[in-house]
Number of protein chains: 2
Amino acid sequence: MHDISVIIPAAGSGSRMGGDVPKPFIKIAGLPVLSHTLRCFDYVDRIALVILAVSEGCKTLAQQAIESSGVKVPVKIVNGGAERLDSIRNALQHIAPGTSLIAVHDAVRPFVGRELLLRLIESAEKYGSSIPGLPVTDTIKQIDNDGLVISTPLRSSLRSVQTPQIFRTDILKSAYKHAALQGIRATDDASLVEYLGHEVKVIEGTPENIKLTYPEDLQKAAFILNNKI
Amino acid sequence: MHDISVIIPAAGSGSRMGGDVPKPFIKIAGLPVLSHTLRCFDYVDRIALVILAVSEGCKTLAQQAIESSGVKVPVKIVNGGAERLDSIRNALQHIAPGTSLIAVHDAVRPFVGRELLLRLIESAEKYGSSIPGLPVTDTIKQIDNDGLVISTPLRSSLRSVQTPQIFRTDILKSAYKHAALQGIRATDDASLVEYLGHEVKVIEGTPENIKLTYPEDLQKAAFILNNKI
């Protein structure tokens, strides 16, 4: 049974990392970040297809990243959009036939881990939508436009969410349709599902499932890679 | 004018880091984390005293960390309590005479930076309370006891707050008095001030002002140190 499609939006510019190379194509341990990310999806039999949404100028780099990853799962390159949600909206047109679950994953989270993936799949089948999250270590404040604190939400009730976020196909498609009609923008896909009123289950993520955002994160990534092997 | 006291609660066990040595005493670049942290407060003339609250069993380690830091600012060791707030409550009894501002700082945030410190002091004088915060890069969800999402606060309105948190002496003392009377526990000091209804200003923190929580953070710390020198 190959009934899961994975969508990876990789069209962002990644300006916070500095440098000329977009973040998914920066190399760690000799391979582009994206190659490491693709490998995370090569160990679950149910995955039918990985869809990479990239901007026109990065298609050659993306092709090279696929080749150097050596993955056996089919990977398809499609057009990325101006924003993350646009990329995913386009990728949704390309999911494999018979897809029952869709995983949406950040291109720059190269250490998902098979065990987390399997737990997310199981949970998405039960709840319709499942996402990984970690307890928050810093205190989080909500501020107003002047930088004054409005509230300090109870830290134990907060989760810093990661990807992959996994959804039943019908739910994610409805959420994107609804978001387009209402003009909703959001920082993750689960938010669009929440707008529909569907349940979203947060399960425990893993500390090594980091998103590479700042230059320091590349050191952390190298450390995680060294400790995996 | 020496009118600022700094309180550093260092009695926590730091179980997330693993290993036998409490986090403030783990070495990076040959020095205990706490020594690096103390050095952050050696470059602002107005600082009268640094008060370290440590548990009985760590007093020798604390004394060694002070010596190896080589700081010129006076450092006083006082008794830490069972929880962070208890340590700070005790340290408040030991602030220097004539203290107009109190900075509370995590023992395991060794890279504050003089520039940030000066901005915080200026802002605390203006607003009464000032804390550093960074924009949040991951999406944050609030969940219920079953792990289901309750809400996704607008990410652009969130700040992940750091220390030092700087307060006018009268405000912080009132906040601790009020918290004791009401039995309020919180994950940071600004929260106690918020309970009083006082303004708390969040100013831009720095990415290198990290809290050393997980083993991977030590690598990040080494990277930051290498790039400072």
Side-chain angles (χ1 to χ4, degrees), chain A residues 16 123 127 129-131 133-134 136-163 165 186-191 193-195 199-204 207-208 210-211 213-224 226-227, chain B residues 16 123 127 129-131 133-134 136-163 165 186-191 193-195 199-204 207-208 210-211 213-224 226-227:
Chain A
R16 280 176 291 207
S123 170
Y127 292 93
S129 301
S130 187
I131 66 177
L134 280 188
V136 167
T137 53
D138 288 338
T139 299
I140 302 290
K141 308 261 179 200
Q142 194 150 22
I143 59 171
D144 66 15
N145 290 335
D146 298 320
L148 298 173
V149 175
I150 298 170
S151 70
T152 305
L154 185 66
R155 189 170 65 178
S156 59
S157 74
L158 300 180
R159 293 294 177 275
S160 176
V161 305
Q162 309 176 328
T163 69
Q165 301 195 337
T187 53
D188 76 337
D189 301 284
S191 298
V193 170
E194 293 155 28
Y195 274 111
E199 275 185 346
V200 174
K201 173 76 171 178
V202 181
I203 67 167
E204 183 87 6
E208 68 269 20
I210 59 170
K211 186 175 175 182
T213 306
Y214 296 109
E216 301 89 272
D217 296 332
L218 296 177
Q219 297 294 312
K220 203 162 165 175
F223 175 78
I224 292 169
N226 287 334
N227 282 273
Chain B
R16 278 177 293 206
S123 170
Y127 293 94
S129 302
S130 186
I131 66 177
L134 280 187
V136 168
T137 53
D138 287 339
T139 299
I140 303 290
K141 309 262 177 198
Q142 195 151 20
I143 60 171
D144 66 16
N145 290 335
D146 298 318
L148 297 173
V149 175
I150 297 170
S151 70
T152 305
L154 186 67
R155 188 171 66 179
S156 59
S157 74
L158 300 180
R159 293 294 178 274
S160 176
V161 305
Q162 308 175 328
T163 67
Q165 300 194 339
T187 54
D188 75 338
D189 301 283
S191 298
V193 171
E194 294 156 29
Y195 274 110
E199 273 187 346
V200 173
K201 172 76 170 179
V202 182
I203 68 166
E204 184 86 6
E208 67 271 18
I210 59 170
K211 186 175 176 184
T213 307
Y214 296 110
E216 301 89 274
D217 296 332
L218 296 178
Q219 296 295 312
K220 204 162 163 174
F223 175 79
I224 292 168
N226 287 335
N227 283 272

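Proteins get letters first, then strands, A, B, ... in listed order; numbering begins at 1 in each. What you are looking at is a predicted structure, and each value in this text was computed from that prediction instead of being measured.
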From Q142(B) atom CD to S156(A) atom OG, the distance as rounded to the nearest 0.5 Å
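Here the interatomic distance stands at 9.0 Å.
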
Calculate, to the nearest 0.5 Å, the distance between atoms CG and NZ belonging to L218(A) and K220(B) respectively.
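Output value for this atom pair is 10.5 Å.
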
Can you tell which part of E194(A) gets under 4.5 Å to a heavy atom of chain B, answering side chain, backbone, both or neither?
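For E194(A), the side chain is the part near chain B, not the backbone.
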
Identify which part of A190(A) has an atom lying under 4.5 Å from any heavy atom of chain B, answering side chain, backbone, both or neither.
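Both backbone and side chain.
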
Working note: D188(B) + K141(A), criterion side-chain contact (heavy atoms from CB on, under 4.5 Å); need CA distance, chi angles, decisive distance, verdict.
CA-CA 10 Å; D188(B) 75 338; K141(A) 308 261 179 200; 3.0 Å; yes

I'd like to verify something: which residue of D146(B), I140(B), I131(B), N145(B) has the highest number of heavy-atom pairs under 4.5 Å with chain A?
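Between D146(B), I140(B), I131(B), N145(B), the count favours I140(B).
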
Please rank I203(B), T152(B), V202(B), T187(B) by heavy-atom pairs under 4.5 Å with chain A and give me the top one.
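Highest number of pairs under 4.5 Å: T187(B).
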
Heavy-atom distances under 4.5 Å only: say whether E199(B) touches chain A with side chain, backbone, both or neither.
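Just the side chain, heavy atoms under 4.5 Å.
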
Working note: T137(B) + K211(A), criterion side-chain contact (heavy atoms from CB on, under 4.5 Å); need CA distance, chi angles, decisive distance, verdict.
CA-CA 9 Å; T137(B) 53; K211(A) 186 175 175 182; 5.6 Å; no

